Enquirer: 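To start, I am sharing the structure in question, which I have written as C-alpha cells.
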Amino acid sequence: MTISQEIANLTEDSGQDLPEENVQIGSIQGTVVGLRYYTGTVNRGEMVSLVREPQNPYDRNAVMVANVYGRQVGHIKKELAAPMAYIMDNNLARVEGVVPYGETNKFSMPVNLTFWSKEENRDAVHNQMRRHGFKLGTEFKGSLICLFALKNAFDKLFDDLMEDKTREMEPAEAVCTALLPHQKQALSWMTSRENSNDLPPFWEEKSGLYFNVLTNFAVKERPEKVLGGILADDMGLGKTLTTIALIVSNFHNGKPLPLEQNILSVPANILVLSFPGVVFLDDVDFAAALECSSSQVGPAKKSAKKGSGHFIKKKNSNTHCSRSYFISIQDQFEQHIRADVTLKVYLYYGAERKRSVKLLSEQDVVLTTYNVLSSDFGNKANSPLHKVNWLRVVLDEGHVVRNPNALQSKAVLELQSERRWILSGTPIQNSLKDLYMLMSFLKLKPFDVKEWWSRIIQRPVTMGDRVGLKNLQVLVKGITLRRTKNSKVAGRMLVQLPERRVFVQHVTLSEEEREEYEQVRKEGRKIIGRYFEEGTIMTNYADVLAILVRLRQYCCHPGLVAKYTGADDPGTPNELREHLINKITLVLNSGSDEECAICLDSLRQPVITYCAHVYCRPCICEVIRSEKQARCPLCRAQIKTRELVEYPGEEMQAGAATGENWRSSSKVDALMSNLLKLRQEDPTVKSLVVSQFTRFMDLIEVPLREYGFSFTRLDGTMAQKTRAKAIQDFQDSSPGNPTIMLLSLKAGGVGINLTAASHVFMMDPAWNPAAEDQCVDRCHRLGQSRDVVITKFIVKDSVEENMVKIQKKKQELVEKAFGVKKPMDLKQARMEEIRALMEI
DNA sequence: ACCGCCGGGTGCC
DNA sequence: ACCGCCGGGTGCC
C-alpha cells in the first residue's frame, strides 16, 4: 500500500463531520457563560465540546459547552454564539474548544475556540465572524513528523506488543490441551486485563482525584475499569484455544471453572460472536487459525452435545458456512475441555433459536453471529442478547465490525458486559477508524465518543503530530497483545517451525553462453557508461533497466531474451507512445519489483512519463497538481498529466521457443539434475520452482515434461479459480498429483499455502530479498512437517552475483529501520546500484 | 459579579 | 429633568 493511499484511508470517513480531512482555519478566544446553572466542570487545559442547541427557548443560536464526560458546563456567550451557530448549522466548520484557564470561575470562563474546515470554506467562515465583529486568528503551532516516519510508525503500531507480557499462567485443570508458552503468556495477560484494578490508559490518580492526562479531565469517582482488550495474534497462534482457556480459567470471581459438576448460582456466561461470512472450509488460513498450533482438528464432529442440547439440527442451505464455523468452534470447546467438565454451550442461531433471556442467562457460553445479533437488534423490542448482562463478550474476527455506522456495529456496542474482548488477526486493516470502533466497543473512555477519538488521536496522528502518535502508541500498547509467527519468546521462536536451510548453487555458463553473455554485457556497459558520462542515466533509466533485464535473462536462458528495442529515437507521437508502452511493459515485467519513487512502495496503477520514469498514477498526479511547473521527481523534466502513458496490462508476449528448436541452458540443467536426484531419493518430495520470468517458466516446462514430472503452475495471470485448483492439486499428496509447482515470484497473496513443498528452487535472484522470503514462507509455515531446503541458482561472474551483493546491502538498510528515503536519495542509490551491477 | 447593565428614584450648594 | 447621577437589584442561553 502506498503512503498516499494509506493517508487517504486514514482520513477517509463516511460521516459528515470529517475533522480529519479538515485544516485549522482560525481561532479565537470566547467566553463560556452560565456556569452556575450546570454541574459540569472542567480543568485547566481541558478540552470541551461545543454542541448546537437550536431548540433553546431563549436563543435559537445557542451553543452549549460540555466537558469530556458530556456534562454541560455552560453556553457560549450569545454575541459569539450567533455567528458560530450559522457556521455550525451550515457545516462551514467544526468548532472545538479548550479552556485555557479560569476553570474555577463562578460565572464565566474563557474558551479557546479553533475552527476546522475544508480550505474552500475558509473565507465564508472568516467573513461570517467578521460580520459579527470577530476576527479569527491564524497562528498555529505543532510539531509534525514527515509522512514517511508516520507511515513507518503506523506500520509498526502493532508490531510485537509483547514486551512485559511474558509472564505465563497455567490454565485451569478443565483445559486438557497443553498450552504452548506463548499461549500461556496470552492467558496470563488476558486474565490480568480482566482482573486488574489498574486505571485505564491515560488515567492517573492525583491527590484523591482521577485525572485523564490527555483531556485534562478529572473526576472524584474512579473511572470505570476497562476489562478486556484486543488479542491480535497472527493467524495460527491459537487465539481460540487461548480464549477457551481464559473462559474456563478466569470463570467467575477470578476463579477457574470448578471440576465437579455444579450448578452455578450466578450465571457466568459468555457471548462469543463469530464472523459468519467466512467460507470456513475454503479458507486455509482460517482453518489453520482454528486448528491451534498444538493439536489437530478432530476428523469427525461428535454429535452428542453436552449441556443444553438446544442445537439446531435442521439443515439450512443458506447457513452452511456459519454452521461449519460453529461446529468447529464447538469442536474446539469439546477438544480442549476435559470430558468430565460440564460447560453449557448454546448455539444461538437459526430460525428456531430460543429467544429466552432466562435460557440464555443460564448458559455458560452462548455462540452467535453478528448477523443474528443485528437482526435481533433491528427488532428493538425483541433482542434477548441485549437483555442479558454478560460476564464477557468476545468478538471473534473482531475486525469485521469496523464501520461504526453499520447496524451490526451498533448492535455490538449495545451489548451489556463486564468484560470485552476482540480477537483479530488484523486489528487495523487500513485505517485508524477501525480502531475507533474497537475503542468504542471496549468502552475506553473518552475514546468511545467520536469527537474525542478524532481530536485526541485520529486527527493529530493523521496530521503527523508527534504527541498524537505517541498517545496512540501508548493506547494500543496498553490494551493489545500481538505476536507474529516471527515473534520471539526469550530468544526462541514463538512457533517452532521446521528448519529452513538456504544453499546457493553457483552455475557456470557454458562457453557458448558465456560468449553471448559477454557480448551483451560489453554492449550494455558501453551504453550505460555513455549515459553516466552524459549524466543522463536517469533520463534513460528504462533503457538501463532493459539492458539489465537482458543480462539477467541470459543468465537463465538465452531463449528468454527478446529482440533489443532499446534507445531508438521515436518520431511521431504514436511512435513515442508505443515506445513508452514498450518501456513501461519492460519495467513492470522485469521482475525488479520497481518502487514508485514518490510513495516508495510497489507500483499501483503504473504510468510512465514522457521522460520514461514510472510512478503510481495517484502519486505522480498529486505531484503535478501540487506544483505549478511540475517536474519529474527523478530527472526534473517537465511533466504533464495528459502526457502520462498507462500500462496497457498483461500483454501476450512473443512465446519463447518451446517447440522443436528448444535448447537447454546451464541453469535449466542445474535445476533438472537437482530435481532428478531428489525424485530418486524420495519420490514424494515436492518442490517449488520459482522465477520472476513467466516465460522462463514456459521454458522449464519442456524438460519437466520430457522427464515425466507431474507439475502444476501458479502465476499472476491465472484466474482465481484456476489458481485455487492448482494449489489444491499441489497440496494433495495422493499419487499422480503434481510434485512440482512452477511459481512466479509474486504470484498470489500472502495467504497461499504450499506446505506440501519442502524444496524451493529460486531460479533467479530478486531485487527485493523480502519477496524471496515471502515466497519461501508459502511453504515454510504452520503445517510444514519437513525441513525446508532452499536452493538459489546464481550464475558465476554475472550480474546475478552483483545483485546478491546489493540484496545484502539492502537488507542491512532495512534492518537499520526508519531509513527515510527521499526521491533524490533513491535516485542516488539507483545510480550506485547500476554502477555496481555493471561494474562501472 | 470586588463587575456591567437595567431601570427607578431623584435633583443647587 | 425629554437630562445626569446615585445606588439597589440583578445576572446564560
Side-chain angles (χ1 to χ4, degrees), chain A residues 15-19 22 24-117 121-138 209 211-212 214-221 445-446 448-456:
Chain A
Q16 270 288 301
D17 52 339
L18 314 169
N22 296 337
Q24 189 173 336
I25 54 160
S27 64
I28 191 169
Q29 188 166 100
T31 312
V32 188
V33 293
L35 303 187
R36 62 168 152 157
Y37 300 99
Y38 307 100
T39 54
T41 56
V42 292
N43 291 294
R44 180 165 297 218
E46 185 173 336
M47 296 177 169
V48 289
S49 73
L50 303 157
V51 185
R52 273 285 287 128
E53 211 179 19
Q55 301 303 326
N56 187 300
Y58 303 96
D59 183 358
R60 56 186 178 82
N61 290 328
V63 176
M64 185 187 105
V65 178
N67 68 18
V68 179
Y69 262 31
R71 290 279 181 78
Q72 180 163 5
V73 177
H75 281 102
I76 294 293
K77 213 165 151 52
K78 62 177 179 297
E79 292 79 4
L80 183 55
M84 272 176 67
Y86 177 85
I87 288 165
M88 291 167 85
D89 292 349
N90 291 292
N91 268 322
L92 291 178
R94 259 190 73 79
V95 191
E96 297 180 352
V98 173
V99 174
Y101 55 88
E103 66 282 358
T104 54
N105 292 0
K106 266 186 172 154
F107 307 100
S108 70
M109 59 172 70
V111 58
N112 289 332
L113 301 169
T114 50
F115 290 67
W116 298 80
S117 85
N121 292 340
R122 177 188 289 270
D123 289 348
V125 172
H126 278 259
N127 288 340
Q128 166 69 2
M129 293 302 284
R130 203 175 303 123
R131 269 198 292 279
H132 287 77
F134 297 101
K135 185 162 179 356
L136 289 185
T138 50
L209 282 177
F211 191 70
N212 186 300
L214 292 187
T215 60
N216 286 318
F217 184 76
V219 265
K220 278 210 191 76
E221 315 80 51
K445 291 176 191 337
D448 53 338
V449 173
K450 183 69 182 288
E451 171 170 0
W452 306 117
W453 169 257
S454 296
R455 282 180 65 175
I456 302 167

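For clarity, every value in this text was computed on a predicted model and none was experimentally measured. Chain naming here is simple, since letters A, B, ... match the order of the sequence lines and numbering starts at 1 in each.
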Enquirer: Looking at A:Tyr37, does any N or O in its side chain come under 4.0 Å of the phosphate oxygens OP1/OP2 on C:dC12?
Expert: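 Yes, because at least one side-chain N or O of A:Tyr37 sits under 4.0 Å from OP1 or OP2 of C:dC12.
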Enquirer: The side chain of A:Phe107 is closest to which nucleotide in this list: C:dC13, B:dA1, C:dC12?
Expert: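 My answer, after comparing the listed nucleotides, is B:dA1.
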Enquirer: Could you give the distance separating B:dT10 and B:dC5 at their P atoms, to the nearest angstrom?
Expert: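 Approximately 25 Å lies between the P atom of B:dC5 and that of B:dT10.
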Enquirer: Tell me: CD of A:Glu53 to C1' of C:dC12, nearest whole Å?
Expert: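 Atom CD in A:Glu53 sits about 10 Å away from atom C1' in C:dC12.
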Enquirer: If you compare all heavy atoms of A:Val48 against all heavy atoms of A:Arg455, which two are closest, and at what distance to 0.1 Å?
Expert: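 Nearest pair, atom of A:Val48 first, then A:Arg455: O-NH1, 2.7 Å.
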Enquirer: Starting at CG of A:Leu35 and ending at P of B:dA1, how long is that distance when rounded to a whole Å?
Expert: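 Rounded to whole Å, this separation is 13 Å.
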Enquirer: How long is the line joining CE of A:Met64 and P of C:dC12, in whole Å?
Expert: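 My rounded result for the distance is 17 Å.
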Enquirer: Could you check whether the side chain of A:Asp59 and the base of C:dC13 have a donor-acceptor pair of N or O atoms closer than 3.5 Å, going by distance alone?
Expert: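 No.
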Enquirer: Any non-hydrogen side-chain atom of A:Pro446 less than 4.5 Å from a side-chain atom of A:Asn212?
Expert: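 A:Pro446 vs A:Asn212: side chains touch.
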Enquirer: Please report, rounded to the nearest Å, how far the P atom of B:dC5 is from the NZ atom of A:Lys77.
Expert: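 One finds 9 Å between P of B:dC5 and NZ of A:Lys77, rounded.
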Enquirer: With P as the reference atom in both, quote the distance from C:dC3 to C:dG8 in angstrom, rounded to an integer.
Expert: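 Comparing P positions in C:dC3 and C:dG8 gives a spacing of 25 Å.
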Enquirer: Give one of base, sugar-phosphate or nothing for A:Lys106, where a contact means two heavy atoms less than 4.0 Å apart.
Expert: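 A:Lys106: no heavy atom of the nucleic acid under 4.0 Å.
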Enquirer: Starting from P on C:dG11, measure out to NE2 on A:His75 and report it in whole angstrom.
Expert: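 After rounding, the gap between these two atoms is 17 Å.
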Enquirer: Hunt down the Watson-Crick or G-U wobble partner of C:dG9, both distances under 3.5 Å, from any strand shown, or write none.
Expert: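 By the stated definition (distances under 3.5 Å), B:dC5 pairs with C:dG9.
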Enquirer: Closer than 4.0 Å, any side-chain N/O of A:Arg36 to the OP1 or OP2 of C:dG11?
Expert: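 It does not, given that no N or O in the side chain of A:Arg36 lies less than 4.0 Å from OP1 or OP2 of C:dG11.
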Enquirer: Between B:dG4 and B:dG9, how many Å separate the two P atoms, rounded to a whole number?
Expert: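 These two P atoms come out 26 Å apart once rounded.
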Enquirer: When you compare C:dC6 with C:dA1, how far apart are their C1' atoms, in angstrom units rounded to a whole number?
Expert: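 Their C1' atoms lie roughly 15 Å apart.
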Enquirer: Can you check the A:Leu80 CG to C:dC12 P distance for me, whole Å?
Expert: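 Checked: the CG to P distance equals 17 Å.
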Enquirer: Could you check how far CD of A:Gln55 sits from P of C:dC12, rounded to whole Å?
Expert: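 Between P of C:dC12 and CD of A:Gln55: 21 Å.
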Enquirer: What is the nucleic acid contact for A:Ile76, judged by heavy atoms within less than 4.0 Å: base, sugar-phosphate only, or nothing?
Expert: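 If one applies the 4.0 Å heavy-atom cut-off, A:Ile76 turns out to touch the sugar-phosphate alone, with no base involved.
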Enquirer: Are there over 12 heavy-atom neighbours, none belonging to A:Tyr86, within less than 6.0 Å of that residue's OH?
Expert: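 No.
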Enquirer: Please check if the side chain of A:Asn67 supplies one atom and the backbone of A:Thr41 the other of a donor-acceptor pair under 3.5 Å.
Expert: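 Between the backbone of A:Thr41 and the side chain of A:Asn67 there is a qualifying donor-acceptor contact (under 3.5 Å).
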Enquirer: To the nearest Å, give me how far apart NZ (A:Lys78) and P (B:dC5) are.
Expert: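 Going from NZ in A:Lys78 over to P in B:dC5 covers 11 Å.
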Enquirer: Quick check: closest heavy atoms across A:Phe115 and A:Leu136, and the distance to 0.1 Å?
Expert: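 That would be CE1-CD2, 3.7 Å.
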